[in-house]
Amino acid sequence: MNIEEVLKGITRGAVDVISREELVKKLSSGRKLRVKFGADPSSPDLHIGHSVVLSKLRQFQDLGHTAVLIIGDFTAQIGDPSGKDATRPVLDHETVANNARTYTGQAFKVLDRDKTEIRFNSEWLKPFFASPAAGVSDFVNIAKSVTISQLLEREDFRARMKAGTPISLLEILYPIFQGYDSVAVKADIELGGQDQIFNLLMGRNMQKLSGQEQQAVMTMPLLPGTDGEKKMSKSYGNYVGLNDLPNEMFGKMMSVSDSLMCSYYELLTFEDLAAVKAEHPMEAKKKLAGLITARYHGGEQAQAARAHFEQVFSRKELPENMEIFRAEKAGKLSYLLVAAGLVKGMNEARRLIAQGAVRLDGEKVSADIIFEPKDCVLQVGRRQFRKIEKGA
RNA sequence: GGUUGGGUGACUGAGCGGUCAAAAGUAACGGUCUGUAAAACCGUCGGGCUACGCCCUACGAAGGUUCGAAUCCUUCCCCAACCA
């Protein structure tokens, strides 16, 4: 493969590449490159939005390069301001450690473990920024409790702002931490989401200051969430998690709008877009759901998820595996719903019955009848099933 | 440090002595429609009950004033804006 082809493949889908010349130079140097990707373990759940950048990282690995996965255990205690309109909560050590563990576990669903170097940035940031006297938590606490607006209110700062001179480093503290990571791991290339561009460029600055060769920077587009409006994020609840069960994953993919499906094809797969658009949307969506599910759970599971989907939703038949609940004595149906864990409370149970959401063996139940224990299937809404067995 | 304005249900945000389990929007959940599309429309949306009514717990925390408080007073905690 010549360099042209490599470059084409590696920059496919990228938003920014800074700079192309440097990237070419690095790629053609014959060296094993160190490709950095940093992640704050602020949330333990990775979703398919993260997979956009991770897949790109994987591409580098497949070319023989090393992925340097930085776990921002130190920076997680500060919170990346990128794309946020409010200060992030500060996490304690234990949470961060736990998150980091699950994080890497999920990341290796995409990355090649053997070509990945995992580093925790507290390794170098702690001694670098925290004096033994002040201690990390003191520093973090102070930085957390002083807001920018408070600082900028000061007259001398206002004057400086008016004069156009740069303000304190505090606001750009985070990018500096992240940038220093690049120095510490001697990154050749850094990948990130589109909203990371400022931070990534800071890495170049810091490396230059340290006399290192500057990393090339490449950003990937942000994946829209399943609502089709905001970016995919756990806090918006519009994500498809890498750890989602096959049926869940398949189902979530099926419920997105047609236009969103196209974006997903573009950002998550290598499929030919024109061909996709020519297909029936339903078929195309099933294919997409299958591709994604297969990626994280294997082809067999994906097949099963598709079969399940078609069975339960397309043909409205019963699913293969249902949770079993043993009913021992006669009682109100509403009580059975609560006991079987299908609803939160009695009121909700009654409401759902009144709304025609409850079925016994496929027959709508319109009143809160007395249920005599027997083997049957209890269904609430479209997707909640419970197999009822007569108790001993 | 000073001044002013705030803290309301999953979230945004009205209410400012009784008619308030608390408007409106979002989210969520059911239903109709369908490709579980999306959108739209209808309904529900603190908990419980012997249920067109009743009880309990709720409007930052703790007290108080009232027949009656999310609404007034006191103290405390937290936040924001502005001024130093």
Side-chain angles (χ1 to χ4, degrees), chain A residues 84-90 141 144-159 161 224-240 244-265 276-290 292-293 305-319 331-335 337-339 341-360 362-368 370 378-385:
Chain A
K84 294 277 163 185
D85 49 13
T87 309
R88 279 202 198 175
V90 167
N141 284 340
K144 221 356 227 174
S145 57
V146 180
T147 70
I148 295 303
S149 70
Q150 279 171 341
L151 285 172
L152 295 184
E153 277 163 26
R154 290 178 53 168
E155 196 45 48
D156 48 358
F157 276 163
R158 302 195 144 200
M161 257 168 83
T226 49
D227 58 358
E229 287 178 12
K230 293 178 277 230
K231 74 166 184 178
M232 186 172 285
S233 156
K234 194 190 175 193
S235 50
Y236 297 140
N238 60 0
Y239 71 106
V240 179
D244 282 354
L245 297 172
N247 285 345
E248 203 181 339
M249 194 177 256
F250 197 97
K252 279 187 189 174
M253 293 305 292
M254 288 309 291
S255 72
V256 304
S257 72
D258 290 355
S259 60
L260 190 56
M261 169 180 75
C262 290
S263 305
Y264 282 180
Y265 260 111
V276 165
K277 278 180 185 153
E279 284 183 81
H280 185 283
M282 182 67 184
E283 201 37 54
K285 207 174 282 177
K286 280 184 185 171
K287 196 166 100 189
L288 174 68
I292 300 299
T293 308
R306 178 170 178 145
H308 172 267
F309 176 85
E310 288 171 346
Q311 184 176 13
V312 176
F313 298 111
S314 303
R315 297 197 299 272
K316 300 202 194 306
E317 292 168 1
L318 296 173
K332 285 192 175 180
L333 184 62
S334 52
Y335 181 74
L337 288 168
V338 176
L342 287 162
V343 297
K344 277 184 296 192
M346 295 293 283
N347 275 337
E348 187 178 348
R350 296 192 186 98
R351 201 184 302 137
L352 287 168
I353 291 169
Q355 288 180 149
V358 178
R359 287 163 191 271
L360 262 180
E363 293 295 319
K364 252 187 208 183
V365 182
S366 50
D368 196 358
I370 299 294
L378 182 61
Q379 179 181 1
V380 176
R382 284 171 299 174
R383 52 190 130 158
Q384 284 199 283
F385 298 90

Heavy-atom side-chain proximity of [X] to [Y] below 4.5 angstrom:
{"X": "A:Tyr264", "Y": "A:Ile292", "value": "no"}
{"X": "A:Val365", "Y": "A:Arg359", "value": "no"}
{"X": "A:Leu378", "Y": "A:Leu360", "value": "yes"}
{"X": "A:Leu342", "Y": "A:Val358", "value": "no"}
{"X": "A:Val312", "Y": "A:Arg382", "value": "no"}

Among all residues two or more places apart in sequence or in another chain, which pass the side chain to side chain contact (heavy atoms under 4.5 Å, CB included) test with [X]?
{"X": "A:Ser255", "answer": "none"}
{"X": "A:Glu310", "answer": "A:Lys286, A:Arg306, A:Ser314, A:Arg315"}
{"X": "A:Asn247", "answer": "A:Ala305, A:His308"}

Could you list the protein-to-nucleotides 39-44 of chain B atom pairs, N/O on both sides, closer than 3.5 Å?
from  : atom 1 : to       : atom 2 : distance (Å)
B:G43 : N2     : A:Gln355 : OE1    : 3.4
B:G43 : N3     : A:Gln355 : OE1    : 3.3
B:U44 : O4'    : A:Gln355 : OE1    : 3.3
B:U44 : O2'    : A:Arg351 : NE     : 2.6
B:U44 : O2'    : A:Arg351 : NH1    : 3.4

Examine B:U36: is either OP1 or OP2 under 4.0 Å from a nitrogen or oxygen in the side chain of A:Ser314? Give yes or no. yes
Side-chain N or O of A:Lys344 less than 4.0 angstrom from OP1 or OP2 on B:G48?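 For A:Lys344, the contact criterion (side-chain N or O under 4.0 Å from OP1 or OP2 of B:G48) is not met.
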Nearest-Å distance once atom [atom1] is located in both [N] and [M]:
{"N": "B:A69", "M": "B:G18", "atom1": "P", "value": "11 Å"}
{"N": "B:A28", "M": "B:U12", "atom1": "C1'", "value": "15 Å"}
{"N": "B:G30", "M": "B:A39", "atom1": "P", "value": "15 Å"}
{"N": "B:A70", "M": "B:G9", "atom1": "P", "value": "14 Å"}
{"N": "B:C55", "M": "B:A61", "atom1": "P", "value": "24 Å"}
{"N": "B:C79", "M": "B:U26", "atom1": "P", "value": "32 Å"}
{"N": "B:A24", "M": "B:U74", "atom1": "C1'", "value": "34 Å"}
{"N": "B:U32", "M": "B:A38", "atom1": "P", "value": "14 Å"}

Hey, is B:C33 sitting syn or anti, using the within-90° cutoff around 0?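 What B:C33 shows is an anti base, its glycosidic angle lying more than 90° from 0.
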Decide yes or no on side chain to side chain contact (heavy atoms under 4.5 Å, CB included) for A:Lys285 and A:Asp258, but give the supporting numbers first. CA-CA 8 Å; A:Lys285 207 174 282 177; A:Asp258 290 355; 2.9 Å; yes
Per side chain to side chain donor-acceptor pair (under 3.5 Å), A:Asn347 is matched among A:Arg351, A:Arg350, A:Lys344 by A:Arg350
What is the separation between atom [atom1] on [X] and atom [atom2] on [N], rounded to the nearest whole Å?
{"X": "A:Ile353", "N": "B:G30", "atom1": "CD1", "atom2": "P", "result": "14 Å"}
{"X": "A:Leu352", "N": "B:A28", "atom1": "CG", "atom2": "P", "result": "16 Å"}
{"X": "A:Asn238", "N": "B:C11", "atom1": "CG", "atom2": "C1'", "result": "14 Å"}
{"X": "A:Lys286", "N": "B:U36", "atom1": "NZ", "atom2": "C1'", "result": "11 Å"}
{"X": "A:Ile370", "N": "B:U50", "atom1": "CD1", "atom2": "P", "result": "11 Å"}
{"X": "A:Lys316", "N": "B:G31", "atom1": "NZ", "atom2": "C1'", "result": "12 Å"}
{"X": "A:Asp227", "N": "B:C11", "atom1": "CG", "atom2": "C1'", "result": "14 Å"}
{"X": "A:Tyr335", "N": "B:G47", "atom1": "OH", "atom2": "C1'", "result": "16 Å"}

What's the closest nucleotide to the [X] side chain, out of [options]?
{"X": "A:Asp258", "options": "B:G31, B:G35, B:U50", "answer": "B:G35"}
{"X": "A:Phe313", "options": "B:U36, B:A38, B:U32", "answer": "B:U36"}
{"X": "A:Arg383", "options": "B:G35, B:U50, B:C29", "answer": "B:C29"}
{"X": "A:Arg382", "options": "B:U36, B:G30, B:U32", "answer": "B:U36"}

Base, sugar-phosphate alone, or nothing: which one does [X] contact when heavy atoms must sit under 4.0 Å apart?
{"X": "A:Met346", "answer": "sugar-phosphate"}
{"X": "A:Lys285", "answer": "base"}
{"X": "A:Gly251", "answer": "base"}

A:Leu337/A:Leu352 under side chain to side chain contact (heavy atoms under 4.5 Å, CB included): CA gap, chis, key distance, verdict: CA-CA 10 Å; A:Leu337 288 168; A:Leu352 287 168; 5.6 Å; no
Write out a two-atom table: protein N or O, nucleotide N or O from nucleotides 51-55 of chain B, distance below 3.5 Å.
from  : atom 1 : to       : atom 2 : distance (Å)
B:A51 : N6     : A:Arg350 : NE     : 2.7
B:A51 : N6     : A:Arg350 : NH1    : 2.6
B:A51 : N6     : A:Arg350 : NH2    : 3.1

For Watson-Crick and G-U wobble pairs within 3.5 Å on both distances, what is RNA chain B written in dot-bracket notation, | included for inter-strand pairing? ((((((((.[[[..)..(.....]]].(((((.......))))).((((...))))...[[[[[..)....]]]]]))))))).
Measure the CG-CE distance between A:Leu288 and A:Met253 for me, rounded to the nearest 0.5 Å. 4.0 Å
Of all the heavy-atom pairs spanning A:Gln311 and A:Leu318, show the shortest one and how long it is. NE2-O, 2.9 Å
Between A:Met254 and A:Gln384, who's closer to the 5' end of RNA chain B by nearest nucleotide? A:Gln384
Assign each of A:Gly345 and A:Pro281 to its nearest nucleotide of RNA chain B by heavy atoms, then name whichever residue's nucleotide is nearer the 5' end. A:Pro281
More than 12 heavy atoms of other residues, nucleotides or ligands under 6.0 Å from CZ of A:Phe313: yes or no? yes
